[in-house]
Amino acid sequence: MLDIKLYNSPEKSTWCPGCGDFGILNAVKQALAMLELYPHEAIVVSGIGCGSKLPHYIHANGFNILHGRALPVAQGLKLANHDLKVIVVTGDGDGYGIGMGHLVHAMRRNTDLVHIVENNQIYGLTKGQYSPTSDKGFVTTTSPDGAIEPAVNPMLLGIANGATFVARGFSSEPKYLAQLIARGIQHRGYALIDVLQPCVTYNKVNTNAWYKQRAYHLEEEEPDYDPTDRVQAFQKAHEWGDRIPLGVIYLDETRPTYEEQVPALKHGPLVKQPLDGTPLEVWEAIKQEFV
Amino acid sequence: MLDIKLYNSPEKSTWCPGCGDFGILNAVKQALAMLELYPHEAIVVSGIGCGSKLPHYIHANGFNILHGRALPVAQGLKLANHDLKVIVVTGDGDGYGIGMGHLVHAMRRNTDLVHIVENNQIYGLTKGQYSPTSDKGFVTTTSPDGAIEPAVNPMLLGIANGATFVARGFSSEPKYLAQLIARGIQHRGYALIDVLQPCVTYNKVNTNAWYKQRAYHLEEEEPDYDPTDRVQAFQKAHEWGDRIPLGVIYLDETRPTYEEQVPALKHGPLVKQPLDGTPLEVWEAIKQEFV
Amino acid sequence: MPIVNDLTIKIGGEAGQGVESSGAGFAKAVARAGLFIYGLQDYMSRIRGGHNFYQVRISEQEIWTFRDAVHMLLPLTTEAVERHWREVVPGGAVLYDVGVRFDEAPLRERGVQLFPMPLMKIAEEQGGSRIMMNTAALGAVAGITEFDFAYIADIIETNFKRKGSAVVEGNLKVARYAYDAGQQQYAAQFPWKLRARPGPQRMVINGNQAIALGAIAAGCRFISGYPMTPATSILEYMNAKSHQFNIVCKQTEDEIAGILFAIGAAHAGARAMCATSGGGLCLMTEALGFAGCTETPLVVVDSQRAGPSTGLPTRTEQGDLLFVLHASHGEWPRIVLTPGTIEECFWAAVRAFNLAEKYQTPVLIMQDLTQSNAIRAVPKERFDFSQVTIDRGKLLTAEELDRIDNYRRHLVTEDGISPRALPGHPNAVYVTTGDEHTEYGFITEEADIRRAQMEKRMRKEEVAQAEMRLPVRYGPEDAELTFVGWGSTYGALREAVDVLNQDGPRANLLHFMEVWPLDWARVGALLAQAKQLVLVEQNYTGQLGRLLRAQTGQTMDKRILKYDGRPISTDEILAGVRGEVRAEVKVYA
Amino acid sequence: MPIVNDLTIKIGGEAGQGVESSGAGFAKAVARAGLFIYGLQDYMSRIRGGHNFYQVRISEQEIWTFRDAVHMLLPLTTEAVERHWREVVPGGAVLYDVGVRFDEAPLRERGVQLFPMPLMKIAEEQGGSRIMMNTAALGAVAGITEFDFAYIADIIETNFKRKGSAVVEGNLKVARYAYDAGQQQYAAQFPWKLRARPGPQRMVINGNQAIALGAIAAGCRFISGYPMTPATSILEYMNAKSHQFNIVCKQTEDEIAGILFAIGAAHAGARAMCATSGGGLCLMTEALGFAGCTETPLVVVDSQRAGPSTGLPTRTEQGDLLFVLHASHGEWPRIVLTPGTIEECFWAAVRAFNLAEKYQTPVLIMQDLTQSNAIRAVPKERFDFSQVTIDRGKLLTAEELDRIDNYRRHLVTEDGISPRALPGHPNAVYVTTGDEHTEYGFITEEADIRRAQMEKRMRKEEVAQAEMRLPVRYGPEDAELTFVGWGSTYGALREAVDVLNQDGPRANLLHFMEVWPLDWARVGALLAQAKQLVLVEQNYTGQLGRLLRAQTGQTMDKRILKYDGRPISTDEILAGVRGEVRAEVKVYA
Ligand SMILES: Cc1ncc(C[n+]2csc(CCOP(=O)(O)OP(=O)(O)O)c2C)c(N)n1
Ligand SMILES: Cc1ncc(C[n+]2csc(CCOP(=O)(O)OP(=O)(O)O)c2C)c(N)n1
Ligand code: SF4
Ligand code: SF4
Ligand SMILES: [Mg+2]
Ligand SMILES: [Mg+2]
């Protein structure tokens with residue numbers, strides 16, 4: 001266990017007091033400390049949104065991308081340097097809305113990274129429009145009659161689309177969350193950790209109390225639950241409303257990661273290969289192919 | 001039943017002889033004839049790809065969009081004029097690759113349209129690169145070592161993401177397919193019909209014979225199969241390989257369509273509302289709100 | 001001697017402290033009293049904390065912009081004092097709660113008066129809640145400026161009534177108490193006064209509201225898009241009016257879907273729009289060209305913010321001009337409007353829908369963050385809805401379609417515009433596509449058809465040119481110096497012209513309210529008449545200047561550019577003209 | 001009198017009939033015989049049917065483009081005759097299978113010879129398969145032109161060996177038989193002959209292969225993207241070489257992901273690229289600005305095809321220039337290369353990676369469909385890999401990082417370029433963002449930091465300018481007429497210059513191989529020297545001309561524009577200069 005202070009950033013956070021993002025930040029730091037990953041060994045890649053400012057508030061490599069676009073950058077990064085531990089942090093709008101296409105394909109690919117979704121069921125940074133995880137009927141400035149679409153179910157999404165680690169955490173339980181994140185980092189492949197995150201300013205329905213009342217620890221309440229059983233996981237994934245399970249909902253440890261299967265990476269990370277030094281004979285032989 | 005010749009276009013198709021798209025075209029025409037929908041009552045919206053040229057080869061309203069972008073246009077169209085029957089036709093690359101984000105959100109929305117995916121497991125029009133439905137290991141010019149990602153499973157995708165009608169057809173069985181399409185059109189909500197479609201030029205693995213050998217009619221072979229049972233459907237959706245079920249895999253007739261829930265559409269299609277004629281008093285009252 | 005009805009009040013504090021609502025509320029009260037106001041909002045891309053401000057300028061004459069000089073500063077935090085005390089004119093004052101601590105020496109040295117008051121205490125004791133502190137502050141300002149309390153009472157009524165009468169009562173008590181206290185303590189020392197001038201009502205409205213109103217007036221009943229500062233408020237206003245006008249408002253999964261939904265709706269026949277900022281527009285680029293190729297009418301608002309990339313999400317810029325003019329690969333006709341005032345925003349929206357349907361192509365309205373959010377008191381008659389006309393161009397009616405035969409959606413015509421049928425009529429069953437197509441809309445690769453279609457489409461730009469507005473001139477015809485600008489800087493430039501015409505040199509302004517297509521020969525002639533062309537833009541490279549040189553050969557003699565995300569002020573422009581160096585503004589001669 | 005080594009052969013037929021492989025195969029055989037060739041591919045956006053052609057021009061001197069005149073037409077279909085017989089020069093011939101029927105009268109009238117042959121029968125009888133008909137046709141051409149059969153045998157060996165010796169044998173037999181038959185029947189009547197000129201080997205290569213090779217030579221080991229004509233072959237070539245060079249080639253879900261993967265890889269330290277066409281570039285627009293803002297080195301190829309929108313997917317255009325120069329909202333530094341020959345493509349790719357890393361910003365290479373696909377015989381020494389250098393700019397080594405302290409990724413420097421650390425070193429743990437940021441990479445909204453960062457980024461363009469290539473001049477210094485062009489039209493313009501300098505008026509060419517940023521004062525001076533500026537572009541609006549006017553004030557005297565998706569030919573340019581009217585080309589004076 002490293003000292004958690006190692007990860008303190010000089011930047012002051014811009015989050016509202018009471019925001020769930022604080023708990024998530026704390027949990028990420030704890031997870032890194034637990035795994036003894038030094039700041040330079042990990043890179044936190046995020047989108048745009050309140051929660052996506054997280055890389056500025058942790059001392060670790062950080063890359064703060066565009067809205068909805070963290071995952072493809074993270075995958076490219078991992079393919080170029082698979083020595084780095086890649087932690088992706090996005091909002092729910094970011095990850096499940098504008099980023100949906102990338103998300104589904106990232107799940108299929110099973111690149112080794114952990115994807116933490118700060119799911120406050122709202123667009124925070126743009127001041128409170130409904131998000132893809134807002135429950136049906138949720139009233140905002142852009143859904144004055146209540147959201148019409150049923151919410152995206154992240155657990156189901158993960159299971160159906162090939163994610164190999166699908167879990168749910170809660171920002172008000174940072175210790176528990178840290179453990180989930182640590183497991184996600186250790187998991188070889190794409191790990192989704194959806195985090196219930198109260199937005200104290202704009203989401204007056206799904207509040208901290210609302211989540212607290214409903215959230216339970218799956219492995220405690222259902223010790224026989226087997227996350228590797230796809231059908232069981234499928235059924236469990238539907239649970240939302242009165243009771244919300246936390247923990248690993250689905251797990252598949254049998255699939256290789258994407259990068260393990262790329263022949264060009266057999267010799268180690270791409271960025272550690274020399275760029276030049278190809279003997280002239282090789283070039284001559286290639287030129288000969290065109291003659 | 002209308003005369004199928006009603007739907008003949010003056011355009012000659014550009015498809016390769018033997019292409020599965022012919023069967024799909026035929027099935028769409030049959031379905032329209034069966035439902036006695038006249039050419040002006042339906043609109044066929046497509047993406048870009050071999051199969052997406054279909055609207056040119058059928059006499060009906062047609063709108064041939066960009067690669068991956070048919071679904072959002074189709075939804076906007078339906079919201080503006082819900083009197084039109086909307087038939088979306090895309091390729092597998094189009095629908096499940098570049099169009100994935102739109103697809104998942106369209107499924108959630110449950111806009112009333114039928115979405116036919118001409119799934120040849122390849123990028124046809126760009127001359128044979130692997131597609132999101134290419135099986136793992138499939139060798140093409142852009143996957144010289146075989147595709148690494150496991151194929152997208154369209155049935156699972158539909159079930160998990162909120163599609164209310166999820167079916168599979170086969171282009172070499174146009175009658176059967178026509179029936180599926182007709183059911184899809186009649187279904188109130190988003191209906192996915194994934195169609196096995198041999199690409200005789202670029203897919204030398206998943207050939208007509210390959211599909212023929214494996215495809216079976218679910219409702220015949222498993223008369224007790226209940227597509228409204230989510231768990232059963234989830235399990236059935238995994239079937240691919242030696243046996244491939246055709247028919248309606250999943251069905252949910254309980255969810256209202258998106259457009260039924262939009263208050264502005266209570267008075268009929270948007271395009272049938274007058275643009276002007278608001279009394280000046282109304283405008284004065286609005287101006288007063290700013291005083 | 002009192003200085004009546006000519007002052008600027010600035011409130012500064014953290015996000016979440018009600019800076020904007022207080023400022024805008026006070027502005028509205030003053031506007032109701034018959035005075036002109038301009039309200040400028042400055043805020044950070046965060047929800048709580050940090051530092052925001054709101055600046056209200058008040059005048060008896062019509063005003064078009066803010067000015068740098070502040071007469072009364074209301075800091076809610078120490079940071080607010082530190083950031084803004086230098087802006088307060090000597091003789092001006094800082095009014096603050098006694099709890100706000102700062103180094104008073106430099107302020108005194110500058111001659112700035114200090115007006116501490118127990119605002120928090122007043123709020124707690126009179127209203128029962130600290131939240132009412134801002135009400136206390138504004139009450140005090142009113143007292144010190146001897147502004148008729150009735151207007152304060154009135155605005156409190158309006159703004160708080162949906163929170164119940166107890167809240168209204170509380171705020172009224174707080175305001176009254178602070179009013180009296182302020183008047184007693186400081187009114188004598190503060191020369192700037194506010195006197196009501198009852199008269200015709202004026203609207204207090206911002207540019208985005210004006211665009212949304214214009215769109216609704218023009219019959220737009222479909223908006224799709226994705227929230228993005230500073231365009232979101234257009235989507236939100238349309239949502240707020242969706243019941244009254246049966247507007248379909250669709251928040252989509254992203255901006256790509258946003259524009260595509262609108263294209264689908266437009267194709268079906270609705271007047272459809274979307275509104276976004278630069279990053280969202282990037283995602284719409286491909287679809288814009290598709291609309292151009294398929295001849296789909298469409299209105300897209302780009303409310304610019306400071307780029308590149310995510311940039312400064314809550315700050316302003318005019319950085320997208322050349323991007324908007326060339327967005328999407330290949331060539332297709334487009335129309336670009338660049339309204340420069342709030343009333344112009346309204347009319348630009350109306351006009352955009354008519355032009356879009358007339359020329360069957362996308363029309364882009366360039367807005368920016370300043371003009372999206374800034375409010376002005378605008379005479380009501382400037383929004384004369386009876387003057388709004390709806391021109392759907394060559395849209396075929398059902399009756400016309402009943403008689404038609406051999407319908408060709410992309411018929412080659414002299415003006416490039418083809419009769420347009422909406423899908424749904426048996427006589428006009430057609431397909432169209434973003435591939436090159438025949439007159440019928442079928443894909444073709446034939447060179448001659450391609451040329452004919454390309455020329456037909458581009459001809460629409462040539463035809464439209466004739467009806468596009470040349471730059472408006474403000475100021476005398478003959479001048480030593482001619483400003484050249486576009487979009488939201490109109491106000492700052494207009495007032496700079498006024499100042500110069502008093503103090504010299506003689507100046508005027510050529511302002512582009514529409515920018516593409518134009519009759520460039522005439523634009524060139526206008527520019528050529530000027531003795532000295534001074535370009536003023538809020539970007540780094542002087543984009544309008546580059547465009548004008550490309551299209552007319554005319555070169556700007558001087559360029560005054562600002563690109564730090566803050567709106568350029570009349571004062572900064574004047575400084576630029578006079579050769580005074582300011583860090584905020586770059587001047588190139 | 002035989003005309004030796006100066007002819008054009010054109011094969012036309014349906015997609016799927018092997019038009020391209022036959023044409024390119026023949027071209028390669030001729031190139032191996034020491035002659036220069038240029039092979040032009042024309043194909044439709046469909047997989048089977050329709051009409052494609054392949055045109056091979058052969059010369060003893062180096063050639064840079066095709067010419068309109070065809071000496072031998074090989075139509076595989078009636079349509080091919082109908083579309084192309086007018087291009088055959090009087091005295092030239094149409095060689096065809098007896099099964100191809102057409103109206104012979106007009107051909108005879110023009111003086112075109114008809115060379116029917118039982119090609120299909122030869123293929124079946126000699127080779128056992130109709131598929132070998134094209135081999136028969138090319139064998140016959142070789143016989144008629146009295147081209148040394150050894151080269152035909154040689155290319156058959158090369159092209160068919162992976163199909164096994166039976167196929168090779170069959171084709172050889174067919175070719176030999178047709179060769180003899182052609183020679184016997186028609187050689188005496190056909191004056192154009194091919195004589196081998198054994199000498200140094202030349203590469204037969206197209207522009208996309210050259211870009212891919214250049215990228216590999218420059219150390220690019222990461223390419224991500226999505227298939228799109230005409231850029232796909234770059235992705236495919238990199239895939240083909242992925243084992244040999246350990247290249248990560250990632251086909252992504254779309255072009256947005258394509259560029260973002262590359263940005264991720266580039267940030268990690270790989271030399272990364274993507275290649276697309278206009279539609280895909282539209283989708284990359286937002287990410288381009290992000291790379292510009294975060295100072296990420298990146299190479300993006302835009303192989304242009306005819307727009308707008310999906311347009312003519314398999315046809316050429318230079319329609320994206322202004323879009324590429326202004327793509328993405330806001331302002332950020334970019335470098336745009338516009339190579340005009342196949343060897344320039346190679347060097348542009350090499351240079352692009354060096355410039356990208358040196359200036360830590362995106363470099364765009366503008367390619368087009370013609371140059372993507374057209375092959376030329378290029379002397380091998382033009383691809384001198386020993387001259388390839390790799391300059392990673394201010395990239396900090398591990399040793400330098402070991403000694404560093406207080407690392408600032410976006411340090412403000414005189415040249416705008418900050419020392420760059422790759423993530424992974426304990427002394428350089430940093431974050432960066434597309435929001436405006438401090439030198440450390442943290443989000444900021446402070447005006448002064450914003451200005452400093454904006455100026456720092458834009459300074460890189462000013463600094464880069466000094467090392468960017470001015471337009472290359474071809475032809476004499478003093479000329480009556482100066483062509484101005486960019487990109488793939490170099491060959492057609494160069495040959496037009498040659499013709500004019502023989503026939504008059506005296507001409508030269510200023511060709512832009514790089515287009516942004518440039519030392520515009522020097523460009524302006526070059527343009528100002530010209531007596532008459534004749535712009536030649538493959539687009540509707542004359543985009544380079546507009547850019548040049550914006551940047552230098554120089555106006556083109558004449559514009560020759562083509563926008564029907566077909567490449568402009570030397571002959572069309574000459575016609576334009578001479579005032580001959582042709583439907584394919586628009587000339588504005
Ligand atoms: C392309 C683009 N569209 C829109 C935006 C505006 N925007 C910034 S954050 C955000 C949504 C934030 O919601 P979420 O992802 O849930 O994050 P949160 O703020 O709730 O943490 C949006 C729409 C943007 N930055 N870029
Ligand atoms: C934005 C964009 N990217 C790429 C392309 C090129 N493109 C055209 S069709 C196609 C894929 C076709 O595959 P699929 O959708 O499966 O249709 P099919 O041709 O197999 O019927 C691609 C990549 C394009 N037109 N637009
Ligand atoms: S707006 Fe909501 S999500 Fe954003 S910082 Fe505040 S509480 Fe957190
Ligand atoms: S390439 Fe394949 S999908 Fe395309 S038309 Fe030919 S057979 Fe059909
Ligand atoms: Mg959120
Ligand atoms: Mg396909």
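The analysis underlying the following values was restricted to heavy atoms, covering all of them including side chains, and did not include hydrogens, waters or symmetry mates. Keep in mind that what you see is a predicted model, and the values were worked out from it rather than measured. Just so it is clear: chains get the letters A, B, ... in the order the sequence lines come, proteins before strands, and each one is counted from 1.
- Chain C forms the most heavy-atom pairs under 4.5 Å with one residue out of B:N61, B:V271, B:D276, and that residue is B:N61.
- Each of C:F290, C:Y440, C:F222 has some count of heavy-atom pairs under 4.5 Å with chain B, and the biggest count is that of C:F290.
- The residue among C:I263, C:I390, C:I247, C:I443 with the most heavy atom pairs within less than 4.5 Å of chain B is C:I443.
- The contact between C:I216 and chain B is made by backbone and side chain atoms together, counting heavy-atom distances below 4.5 Å.
- For chain B, the nearby parts of C:S386 are the backbone and the side chain; heavy atoms of each come within less than 4.5 Å.
- Counting only heavy atoms from C-beta outward, the side chains of C:N354 and C:R392 never approach each other to under 4.5 Å.
- Within the 4.5 angstrom heavy-atom criterion, atoms from both the backbone and the side chain of B:E289 approach chain C.
- For chain C, the nearby parts of B:H56 are the backbone and the side chain; heavy atoms of each come within less than 4.5 Å.
- No donor-acceptor distance shorter than 3.5 angstrom exists from the side chain of C:Y430 to the backbone of C:G441, with no hydrogens or angles considered.
- For B:I58, no part sits under 4.5 Å from any heavy atom of chain C, backbone or side chain.
- Expressed to the nearest 0.5 Å, how far CD of B:E260 lies from OG1 of B:T111 amounts to 10.5 Å.
- Heavy atoms of C:T294 lying under 4.5 Å from chain B belong exclusively to its side chain.
- Rounding to the nearest 0.5 Å gives a distance of 9.0 Å between CG of B:L156 and CG of B:N161.
- Comparing C:R221, C:K380, C:H267 by how many heavy-atom pairs each has under 4.5 Å with chain B, the most go to C:H267.
- How far CG of B:L192 is from OG1 of B:T164: 10.0 Å, rounded to the nearest 0.5 Å.
- Proximity to chain B involves both the backbone and the side chain of C:A270, based on heavy atoms less than 4.5 angstrom apart.
- Ranking B:V104, B:V262, B:L84 against chain C, the residue ahead of the rest is B:L84, based on heavy-atom pairs under 4.5 Å.
- Most heavy-atom pairs under 4.5 Å with chain B: of the set C:H243, C:E286, C:R202, C:H437, this distinction falls to C:E286.
- A salt bridge links C:E343 to C:R376: at least one charged side-chain nitrogen sits closer than 4.0 Å to a carboxylate oxygen.
- Proximity to chain C (any heavy atom under 4.5 Å) is restricted, for B:L265, to the side chain, taken from C-beta onward.
- For B:V73, the parts lying near chain C are the backbone and the side chain together; criterion is any non-hydrogen pair under 4.5 Å.
- Ring planes of B:W283 and C:F385: parallel class, angle under 30° (limits at 30 and 60°).
- When C:Q244, C:Q209, C:K250, C:R271 are compared by the number of non-hydrogen pairs under 4.5 Å with chain B, C:K250 comes out ahead.
- In this structure, chain B has no heavy atom under 4.5 Å from any part of C:A262.
- For residues 33-51 of chain B, every residue pair satisfying the side-chain hydrogen bond (donor to acceptor under 3.5 Å, both in side chains) rule, not counting sequence neighbours, is listed here: B:S46-B:N64.
- Judged purely by distance below 3.5 Å, without hydrogens or angles, the side chains of B:R109 and B:Q75 pair a donor atom with an acceptor atom.
- Judged purely by distance below 3.5 Å, without hydrogens or angles, the side chains of C:S233 and C:N208 pair a donor atom with an acceptor atom.
- For C:T296, the part lying near chain B is the side chain, with the backbone staying farther off; criterion is any non-hydrogen pair under 4.5 Å.
- Residue pairs meeting the side-chain hydrogen bond (donor to acceptor under 3.5 Å, both in side chains) criterion with at least one partner in residues 79-95 of chain B, sequence neighbours excluded, are B:H67-B:D94, B:D83-B:K272, B:T90-B:H115, B:D92-B:S131, B:D92-B:T133.
- Donor-acceptor pairing under 3.5 Å is recorded for the side chains of B:D194 and B:Y96.
- For B:H59, the parts lying under 4.5 angstrom from a heavy atom of chain C are both the backbone and the side chain.
- Residue C:N427: no heavy atom, backbone or side chain, is found under 4.5 Å from chain B.
- Among C:L213, C:T158, C:D435, C:T252, the residue making the largest number of heavy-atom pairs under 4.5 Å with chain B is C:L213.
- Residue C:A428 touches chain B through its backbone alone, counting heavy-atom pairs closer than 4.5 Å.
- Proximity to chain C involves both the backbone and the side chain of B:V291, based on heavy atoms less than 4.5 angstrom apart.
- Both the backbone and the side chain of C:I205 come within less than 4.5 Å of a heavy atom in chain B.
- No other option in B:A264, B:P263, B:A80 has as many heavy-atom pairs under 4.5 Å with chain C as B:A264.
- Side chain to side chain, C:R409 and C:Q360 meet the donor-acceptor criterion of an N or O pair below 3.5 Å.
- For the atom pair CD of B:Q261 and NZ of B:K266, the computed distance is 9.5 Å after rounding to the nearest 0.5 Å.
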Next on the checklist: Please evaluate residues B:K127 and B:T201 with respect to the criterion side chain to side chain contact (heavy atoms under 4.5 Å, CB included), reporting the C-alpha separation (whole Å), side-chain torsions for both, the decisive distance (0.1 Å), and the verdict.
Outcome noted: CA-CA 9 Å; B:K127 309 201 167 184; B:T201 305; over 6 Å; no
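- Only the side chain of B:K53 comes within less than 4.5 Å of a heavy atom in chain C; its backbone stays farther off.
- Heavy atoms of B:S9 lying under 4.5 Å from chain C belong exclusively to its side chain.
- Between the side chains of B:K29 and B:N8, at least one donor N or O lies within less than 3.5 Å of an accepting N or O.
- In this structure, the portions of B:I65 lying under 4.5 Å from any heavy atom of chain C include both its backbone and its side chain.
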